[in-house]
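What follows is one structure encoded as structure tokens, with my remarks underneath.
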Amino acid sequence: MEILFYVGIPALVLYFWYASIVTKRNKVDEAFAGIDVQLKKRTDLIPNILKIASKMMDHEKKLLEDITKLRTDVLTAAENGQAEDRFKLEGLLESKMSGLMVAVENYPDLKSQETMVEAQRAYADVEEHISAARRSYNAAVGALRNAVQIFPGNLLAPLAGVTEIKPMFEIVEHERRAVNADDFLK
Amino acid sequence: MSAAHIVQIKEDIKPHLAELENLRVQCYDKYLTRKKIARTYGWPAFVVAACVEWFVVTETAVLSIMALIALWAWVWCAELPYKKRYKHLVIPAIVNSFKGQFEFHPVGFKNGSFAVNQQDIDAYNRSHESGKYKLWTSIKNNKTVQKLASDFHIVPSFSSCLIEDSFRGRIGDDIFIEFCEMKLERGSGKDRKTVFGGVTVVLTMPFEFMAHTVIGKDGGKLGNFLIDRFAKLETVHLEDVEFEKRYQVLSSDQQAARYIVTPAFMERLMDFSVLLGSIGFKGKLAERLNSKQVVGPRVECEFKGNRALFMAPMSADLFECSGLEKSVYELSDVEFLYHEISTIVGIAEQLKLDYLAARKKAVKNISLA
């Protein structure tokens with residue numbers, strides 16, 4: 001009876017800790033896939049926005065072409081399973097799209113068009129979803145890190161298949177700098 | 001309050017000012033008479049009765065204290081006909097100035113989230129015609145509010161529900177708002193306890209929320225742990241430390257919860273609480289509360305289906321004029337009432353839920369194009 005008490009309870013605690021690490025690991029994978037889903041939605045929305053914008057933005061042909069090319073590259077990287085390249089390209093695409101949304105300010109006729117207003121709102125909605133997905137992913141990674149770094153999680157982590165924790169989503173260095181609006185409003 | 005609104009409301013109220021002022025003077029005279037009686041005879045009678053009760057009958061003065069309270073309620077009730085009549089005439093004029101076909105009823109409407117029975121509306125109409133008003137319109141076993149309690153986590157369980165001052169209308173083209181003053185009580189007799197007293201707002205949105213999300217009071221470490229274990233919803237840990245101290249967020253989907261509860265939303269909700277903190281109070285107290293940026297009531301929210309429910313516990317009695325001392329012609333109460341109503345009507349704009357509705361509509365239109 002005493003052996004059951006002194007061995008059983010610690011074993012039970014270790015088991016629940018192990019199960020918790022496995023659950024948190026799976027949540028990180030789920031959250032990571034969630035970002036994917038939202039990025040795909042953005043990629044699908046971009047042609048609609050470019051169609052509306054291209055009718056009036058005569059001086060932004062290069063920007064529109066860059067966006068079209070980047071979108072194609074993102075889709076290719078996704079199909080080939082090149083995750084690192086893909087997320088780098090997604091970051092560039094996001095930056096170019098932000099530039100496009102600011103450049104719209106130079107075209108008052110386009111800015112006031114109902115379709116362009118709706119396109120901007122739809123894009124803003126997709127960006128909110130992406131932001132929510134990233135925050136969700138960061139929260140899942142943070143919870144997994146806590147579970148793995150606190151003893152005895154560091155001993156149980158290899159058993160639970162957690163040898164390496166995915167990094168939190170962070171923006172690249174140049175995105176931390178203040179934006180110079182003059183670069184877009186020419 | 002814009003100048004155009006002031007002009008319109010004054011025009012609508014003008015025909016009733018003379019009648020209201022006469023009623024105010026009558027009620028004020030009655031109030032002063034009753035107050036004089038209470039002071040002259042009430043206090044001495046209380047002292048004698050309390051002594052007799054304490055030394056002769058029982059060793060408490062409970063009955064005497066209850067009698068004293070009843071006496072002062074009788075004094076205070078003198079202002080009731082004026083306050084109710086004021087509300088009946090002035091608030092409809094104020095809500096008419098809002099865009100969006102706003103309606104007001106001192107009790108409630110026959111349909112909607114806070115629907116009341118026809119007999120309760122008829123009882124109010126009878127009391128209005130006779131001038132003999134009740135303090136609250138007591139509606140026990142209100143089926144619609146019970147349905148609200150079964151659908152939404154943040155509505156506490158109750159045995160009786162008191163509703164007063166119901167409003168409804170449209171914000172923009174798409175959002176339908178209903179709100180009322182509500183008091184929920186549990187238990188009976190000596191065990192009766194108020195579990196909620198304040199404003200309840202329901203927004204019916206033109207889209208379905210992607211998940212069931214609850215923003216409730218923080219229950220402390222143990223409380224939150226227990227809720228997390230037994231509720232079907234998961235705890236959502238957020239980035240804002242102040243917000244996390246005040247609230248606990250639960251949801252059926254972590255990502256969908258973060259889509260609604262953005263860092264900006266958390267700030268706006270806390271700002272809205274501060275805004276609510278000073279409404280209902282008038283004069284110097286309102287100024288003091290405004291200057292100290294009082295934290296305000298903890299507004300609880302729940303997003304489920306296509307509805308958003310907000311419950312704000314308020315200690316002040318809302319949508320009431322200040323009393324008998326001020327003349328109706330001063331019209332300062334009109335500004336206070338307008339400020340109270342517009343603060344609550346502005347909830348969708350304050351929390352940018354109107355912008356969320358516009359974005360959802362745009363996504364739908366773009367995908368159909």
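Residue numbers start from 1 in every chain, and the chains themselves are labelled A, B, ... in the order their sequence lines are given, proteins ahead of strands. These values consider heavy atoms only, across backbone and side chains, with no hydrogens, waters or symmetry-generated copies.
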Do other residues, nucleotides or ligands put more than 12 heavy atoms under 6.0 Å from the NZ atom of B:K360?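 Yes, enclosed.
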Over 12 non-hydrogen atoms of neighbours within 6.0 angstrom of CD in B:E349: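 For B:E349, atom CD is not crowded (no more than 12 foreign heavy atoms under 6.0 Å).
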Nearest 0.5 angstrom please: B:Y259 OH to B:T213 OG1, how far?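 If we round to the nearest 0.5 Å, B:Y259:OH and B:T213:OG1 are 12.0 Å apart.
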Need one label for A:I52: side chain, backbone, both or neither, based on atoms under 4.5 Å from any heavy atom in chain B.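 Contact with chain B involves the side chain of A:I52 alone.
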Interface moiety of A:Q120 toward chain B, non-hydrogen atoms closer than 4.5 Å: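 Looking at A:Q120, nothing touches chain B.
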Which bit of B:V236 is near chain A, if near means a heavy-atom gap under 4.5 Å: side chain, backbone, both or neither?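 No part of it gets close to chain A.
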Toward chain A, the part of B:I260 with a non-hydrogen atom under 4.5 Å: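 The answer is neither part of B:I260.
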For each of A:Q38, A:H129, A:R121, tally heavy-atom pairs with chain B at distances under 4.5 Å, and name the one with the top tally.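 Top count of heavy-atom pairs under 4.5 Å with chain B: A:H129.
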Pair A:R134 + A:E94, salt bridge at N-O below 4.0 Å: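 A:E94 and A:R134: salt-bridged.
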Any carboxylate oxygen within less than 4.0 angstrom of a Lys/Arg side-chain nitrogen, looking at A:D66 and A:K62?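 Here A:D66 pairs with A:K62 in a salt bridge, since their nearest N and O are under 4.0 Å apart.
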Go through B:Q254, B:M210, B:R359 and name the one with the most non-hydrogen pairs under 4.5 angstrom from chain A.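 Option with the top pair count is B:R359.
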